[in-house]
2 protein chains.
Amino acid sequence: MAEATGSNHTIRALTEIRKRILSGELAGGERLFEVPLAEMLNISRTPVREAMSRLAEEGLLERAKSTGFAVRAFGVEDVIDAIELRGVLEGTAARLAAERGADPELLAQMTEVVERLDACFRDDSVDFEIYSRGNEDFHRILTRLSGSKIIEWELDRVVHLPFASPSAFLPDKVNLQSRQSSLVFAQAQHREILAAIKAREGSRAEALAREHARTARRDLEEAMKKKGEAGQLPGLALVVT
Amino acid sequence: MAEATGSNHTIRALTEIRKRILSGELAGGERLFEVPLAEMLNISRTPVREAMSRLAEEGLLERAKSTGFAVRAFGVEDVIDAIELRGVLEGTAARLAAERGADPELLAQMTEVVERLDACFRDDSVDFEIYSRGNEDFHRILTRLSGSKIIEWELDRVVHLPFASPSAFLPDKVNLQSRQSSLVFAQAQHREILAAIKAREGSRAEALAREHARTARRDLEEAMKKKGEAGQLPGLALVVT
DNA sequence: GTCCAAGATCTTGTATGCATCAACTCGTTC
DNA sequence: GAACGAGTTGATGCATACAAGATCTTGGAC
């Protein structure tokens, strides 16, 4: 039954259905019917419809040909492409920030984040939680740094896909030691992206940010090789193999 | 009253409300209430809600902070950025098509379209309708040419904004003669983009496609200078000045 | 055996009434 | 006079009954 607590029925339905999609319990391509979902959640069809509409906005559902909704099906190639797309969009955000000049307040925040990330490497062991949070902060600020609402809007949307998030395939606690060089490299890129933006080097900032996304792709491929099966990774449970 | 004919009430509401947003009748930032809209359309609140949900997916509405919907507000800078973004995404589509190899069937179709566009310039006067249709075909094929569902999805979404479409600011019938050189230039870019993709020159294909979007930006600036006021242009009626 | 059509069934579309929630008003208290 | 809170208004949230449409089934003609 898994009654999620939420302010209202729509939010509860949204949360529940999203959880089941992300876990793979609702498989890609599967058609979603209002009545069974409503019964499962002990609510009426109305909030279920509302929740499905919002999930379509998020990109987790798609409207079926005639009517109704289906779970969007993702393959590994879509994961690759989504990461590539994030790189392209973050690259554009970085370039525009450099070319047009970024908000000093945001630049200061990003500088602080980069210093915080640098501090992670001072002693021998990297704190996963701290690095992960700092990494998310960096990318959140980068999204807003161009000052373009439109870019921010699209980037938010892409990053909302569970496997396209900047922290989706970070080395986890288990692999942290063996994959520390990956983090060191990624952090060097953070530093240089910020420097390029500050120096108004648009082209360099774009190239760096784009390449930076490839780190996620490498981490993904590394993780898939290790685990053998894609289903093991949290962000990858919904991917059809 | 303007009763739009449509298969059902939701589609009618969707069409009507969209029309009023695009025309600027419903202004950017304006909050939309279910009851007045329903009364205006002589239907109940239910299909109005459904229509508003879909317009949010299209990007014409945004969910208000607490609850409800508001018309999304666009400024001229958003138009500029949306065109820039289309250039970036079409550039990515072109690059991936070149790098990964494009579907021969689609390449053949695009070749046919480019030849059709070339034929527009054989005699002295350019047929606006034919050029416009060919231009749309070119960009529609380009969207699909990378073979990436994710890229196609995002590009479709951006292009759906009325001012980001590849044909939004084409010189119209009135300006066609005086601005013919713009079309000649744009068509040269079409030809070279296709050639670069065929030659597997990814970087060149990307740069060309990105620059090609600047044609739209120039056309926009040209048109705004001419008309003096932004409100005159069809795709720009909803833009807040 | 195949195709089509009529009916049955499953699913969504729509209207409506009541519940709930948020914002505002206005009066009270300190 | 400012802050707070109860009542009021207005908007959406939600459930439900019924309508309409889509799809599947079945029976019959050829």
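What you see below is based on every heavy atom in this structure, not just the backbone, and it leaves out hydrogens, waters and symmetry mates. Letters A, B, ... are given to chains in the order of the sequence lines, protein chains preceding strands, and every chain is numbered from 1.
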Visitor: Rounded to whole angstrom units, what separation is found between the CZ atom of A/Arg12 and the P atom of C/dT20?
Guide: 15 Å
Visitor: Rounded to the Å, how far apart are A/Leu41 CG and D/dC14 C1'?
Guide: 14 Å
Visitor: Ring-plane angle category for B/His190 and B/His139, please: parallel below 30°, perpendicular beyond 60°, tilted otherwise.
Guide: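 Judged by the thresholds at 30° and 60°, the geometry between B/His190 and B/His139 is perpendicular.
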Visitor: Between A/Glu206 and A/Thr92, is a side chain to side chain contact (heavy atoms under 4.5 Å, CB included) present by the stated rule, with each step listed?
Guide: CA-CA 6 Å; A/Glu206 172 165 18; A/Thr92 301; 4.3 Å; yes
Visitor: Salt bridge between B/Asp103 and B/Arg144, side-chain N to carboxylate O under 4.0 Å?
Guide: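 No, no charged N to carboxylate O under 4.0 Å.
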Visitor: Looking at B/His9, I'd like to know whether one of its side-chain N or O atoms comes within less than 4.0 Å of OP1 or OP2 on D/dA20.
Guide: no
Visitor: Please state how far atom CD in A/Glu50 lies from atom P in C/dT20, giving the value in whole angstrom units.
Guide: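 Nearest whole value for this atom pair: 19 Å.
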Visitor: Under a plain distance cut-off of 3.5 Å, with no hydrogens placed, do B/Glu136 and B/Ser167 share a side-chain donor-acceptor pair?
Guide: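 Yes - a donor-acceptor pair under 3.5 Å links their side chains.
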Visitor: For the pair made of CE in A/Met52 and C1' in C/dT11, what is the distance, rounded to whole Å?
Guide: 11 Å
Visitor: Rounded to the Å, how far apart are A/Arg49 CZ and C/dT11 C1'?
Guide: 10 Å
Visitor: Should the side chain of B/Thr46 and the base of C/dA15 be counted as holding a donor-acceptor pair, with the cut-off at 3.5 Å?
Guide: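 Answer is yes: a donor-acceptor pair is held.
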Visitor: Using a strict 4.0 Å threshold on nitrogen-to-oxygen distance, state whether B/Glu90 and B/Arg210 make a salt bridge.
Guide: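 No, no charged N to carboxylate O under 4.0 Å.
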Visitor: Would you kindly compare A/Pro47 and A/Ser66 by the position of their nearest DNA chain D nucleotide and give the one closer to the 5′ end?
Guide: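 The residue mapped nearer the 5' terminus is A/Pro47.
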Visitor: Within the pair A/Arg31 and C/dC10, is there a side-chain N or O less than 4.0 Å away from OP1 or OP2?
Guide: no
Visitor: Determine: side-chain N/O of B/Thr67 to OP1/OP2 of C/dA22, distance under 4.0 Å, yes or no.
Guide: no
Visitor: With nearest nucleotides of DNA chain D determined for A/Thr10 and A/Arg45 from heavy-atom distances, which residue corresponds to the more 5′ nucleotide?
Guide: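 Per heavy-atom nearest nucleotide, the more 5' residue is A/Thr10.
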Visitor: What's the closest nucleotide to the side chain of B/Asn8 if the choices are C/dT11, D/dT12, C/dG13?
Guide: C/dG13
Visitor: Over how many whole Å does the gap from B/Phe33 atom CZ to D/dG13 atom P extend?
Guide: 13 Å
Visitor: Return the value, rounded to whole Å, for the distance between atom CD1 of B/Ile43 and atom P of C/dT16.
Guide: 12 Å
Visitor: For A/Glu34 and for B/Ser44, locate the closest nucleotide of DNA chain C by heavy-atom distance; then report the residue assigned to the nucleotide nearer the 5' terminus.
Guide: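 The residue closer to the strand's 5' end, by nearest nucleotide, is A/Glu34.
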Visitor: Whole-Å distance between C/dC10 P and A/Glu39 CD?
Guide: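 Interatomic distance, CD of A/Glu39 to P of C/dC10: 13 Å.
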